[in-house]
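Scroll down for the structure; my scribbles are underneath it.
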Amino acid sequence: MTDPRSYQPSKDALKDRVILLTGASDGIGKAVAIAAAAHGAQVVLHGRNVRKLEGVYDAIVAAGGPRPSILPLDFEKAGPEEYEKLVAALDQEFGRLDGLLHNASMLGERAPIEHHDVAKWMRTMHVNVNAPFILTRSCLPLLKRSPDPVILFTSSGVVSNPRAFWGSYLVSKWASDGLMHMLAQELENQPAMRVNSINPGKVKTNMRLQAYPAEDRSTLPEPEAVVPAYLYLLGPDSRGVQGQTVNAQ
């Protein structure tokens, strides 16, 4: 397998691929969206903040990439009808989906279990586990229309190294990786469908700042540093990689 950390995509590595990226308004999602478009992808930008999504849209267009689409949706509040409308919009505009990146995530509360706020726990589990499940289930018919579909979940270092006081975030990431492995096996008879997870590692993001407010951020890589691994897993060069958790660093 190619080392995703040193992957060097060709200019048209993602040419004509339709890729939906959740949490595309900032951080890693924004960096991956801009890079994917630069390599030819038709990106669909998801997020809650329309103004930020429009900023990503403008950056892609200014760089000469394919004109992206914007799909605002709040995973905390969305019900079945909103997901149906999202999929209907994708179907009408593109007729298929070649890639789905589950990047949107919530840190939640870092606290001992005995003091963890129940409502905050439920919100974190919903955004980090339930929403990716619902979105994946809703988008599978569109993904199956692609000749080379990819589903990519986001893992975390707390999965391989669980530790105290990480609360619902740790549990949700374990569940997310479990969902990935289960789905990869369920779809093993459809060899074109690739399902994997990616662990971005330590990156200078707003969520990282929430988790480690006293950390020296000058020591952290920018989101752009981990983009090559994402492009590798979202593109055709990763054919054959299935049911894996890949480290971006």
Side-chain angles (χ1 to χ4, degrees), residues 3-7 21-35 45-49 51-53 55-56 59 74-76 101-132 152-180 196-234 244-249:
D3 187 343
R5 297 168 296 180
S6 58
Y7 176 63
L21 305 98
T22 71
S25 59
D26 204 357
I28 293 173
K30 175 181 178 180
V32 173
I34 292 173
L45 308 171
H46 159 268
R48 293 181 299 174
N49 190 312
R51 182 183 59 80
K52 286 186 176 182
L53 290 175
V56 182
D74 187 343
F75 285 149
E76 280 194 65
L101 169 60
H102 292 295
N103 173 72
S105 194
M106 174 182 288
L107 179 64
E109 183 180 37
R110 289 189 60 191
I113 290 297
E114 62 180 328
H115 301 305
H116 205 298
D117 183 87
V118 173
K120 291 179 181 177
W121 178 287
M122 298 295 286
R123 284 200 299 272
T124 305
M125 294 298 291
H126 183 71
V127 171
N128 294 0
V129 183
N130 296 338
L152 185 58
F153 292 85
T154 299
S155 188
S156 169
V158 298
V159 173
S160 59
N161 183 24
R163 62 207 80 161
F165 312 125
W166 276 83
S168 52
Y169 180 78
L170 186 156
V171 176
S172 71
K173 287 303 176 181
W174 273 43
S176 175
D177 268 22
L179 175 58
M180 178 276 288
N196 295 288
S197 290
I198 186 166
N199 172 24
K202 300 178 181 179
V203 181
K204 189 187 293 185
T205 63
N206 290 332
M207 182 180 290
R208 180 80 187 181
L209 179 60
Q210 285 181 273
Y212 299 98
E215 185 175 45
D216 181 0
R217 288 175 65 79
S218 68
T219 65
L220 299 175
E222 298 289 343
E224 289 75 13
V226 298
V227 162
Y230 283 82
L231 299 186
Y232 172 70
L233 291 170
L234 288 169
Q244 302 294 315
T245 298
V246 176
N247 293 317
Q249 297 187 63

Do you know which of Met207, Met106, Glu109 makes side-chain contact (heavy atoms from CB on, under 4.5 Å) with Tyr169?
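Only match with Tyr169 under side-chain contact (heavy atoms from CB on, under 4.5 Å): Met207.
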Among all residues two or more places apart in sequence or in another chain, which pass the ring pair (Phe, Tyr, Trp, His ring centres under 6.0 Å) test with His116?
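Applying ring pair (Phe, Tyr, Trp, His ring centres under 6.0 Å) to His116 gives Trp121.
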Could you please spell out the steps behind the side chain to side chain contact (heavy atoms under 4.5 Å, CB included) verdict for Tyr230 and Ile28?
CA-CA 10 Å; Tyr230 283 82; Ile28 293 173; 3.6 Å; yes
Could you pull out the closest heavy-atom pair between [X] and [Y], with the gap in Å?
| X | Y | answer |
| --- | --- | --- |
| Tyr212 | Arg110 | CE2-NH1, 4.4 Å |
| Gly157 | Asn199 | N-OD1, 3.4 Å |
| Gly23 | Ala104 | N-CB, 3.6 Å |
| Ala33 | Val56 | CB-CG1, 4.3 Å |
| Val226 | Pro200 | CG1-O, 3.6 Å |
| Ser176 | Phe153 | OG-CD2, 3.8 Å |

Rounded at 0.5 Å granularity, tell me how far [atom1] in [X] sits from [atom2] in [Y].
| X | Y | atom1 | atom2 | value |
| --- | --- | --- | --- | --- |
| Leu152 | Thr22 | CG | OG1 | 10.0 Å |
| Lys204 | Thr219 | NZ | OG1 | 8.5 Å |
| Ile198 | Gln244 | CD1 | CD | 12.5 Å |
| Ser25 | Asn103 | OG | CG | 9.0 Å |
| His126 | Asn128 | NE2 | CG | 10.5 Å |
| Leu101 | Leu234 | CG | CG | 5.5 Å |

Apply the test side chain to side chain contact (heavy atoms under 4.5 Å, CB included) to residues Leu53 and Leu45: give CA-CA distance (whole Å), side-chain angles for both, the deciding distance (0.1 Å), then the verdict.
CA-CA 7 Å; Leu53 290 175; Leu45 308 171; 4.0 Å; yes
Could you tell me whether the side chain of Arg217 and the main chain of Thr205 form a donor-acceptor pair under 3.5 Å?
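Checking the backbone N and O of Thr205 against the side chain of Arg217, a donor-acceptor pair under 3.5 Å is found.
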Short question: side chain of Thr154, backbone of His102 - any donor-acceptor pair under 3.5 Å?
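Checking the backbone N and O of His102 against the side chain of Thr154, a donor-acceptor pair under 3.5 Å is found.
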Who passes side chain to side chain contact (heavy atoms under 4.5 Å, CB included) against Asp177, sequence neighbours left out?
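Side chain to side chain contact (heavy atoms under 4.5 Å, CB included) list for Asp177, sorted by chain: Ser155, Val159, Ser197, Thr245.
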Could you list the residues that satisfy side chain to side chain contact (heavy atoms under 4.5 Å, CB included) with Ala175, not counting sequence neighbours?
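Val129.
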Candidate pair Arg48 and Glu76, rule salt bridge (Lys or Arg N to Asp or Glu O under 4.0 Å), full reasoning:
CA-CA 10 Å; Arg48 293 181 299 174; Glu76 280 194 65; 3.7 Å; yes
Worked check of side chain to side chain contact (heavy atoms under 4.5 Å, CB included) between Val203 and Gln249
CA-CA 10 Å; Val203 181; Gln249 297 187 63; 3.6 Å; yes
Going through the checks in order, is the side chain to side chain contact (heavy atoms under 4.5 Å, CB included) test met by Leu107 and Trp166?
CA-CA 9 Å; Leu107 179 64; Trp166 276 83; 3.9 Å; yes
Should we say atom CZ of Arg208 is surrounded by more than 12 heavy atoms from elsewhere, each under 6.0 Å from it?
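Yes, CZ of Arg208 has more than 12 neighbouring heavy atoms, counting only those of other groups under 6.0 Å.
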NZ/Lys173: more than 12 non-hydrogen atoms of other groups inside 6.0 Å:
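Correct, the count exceeds 12.
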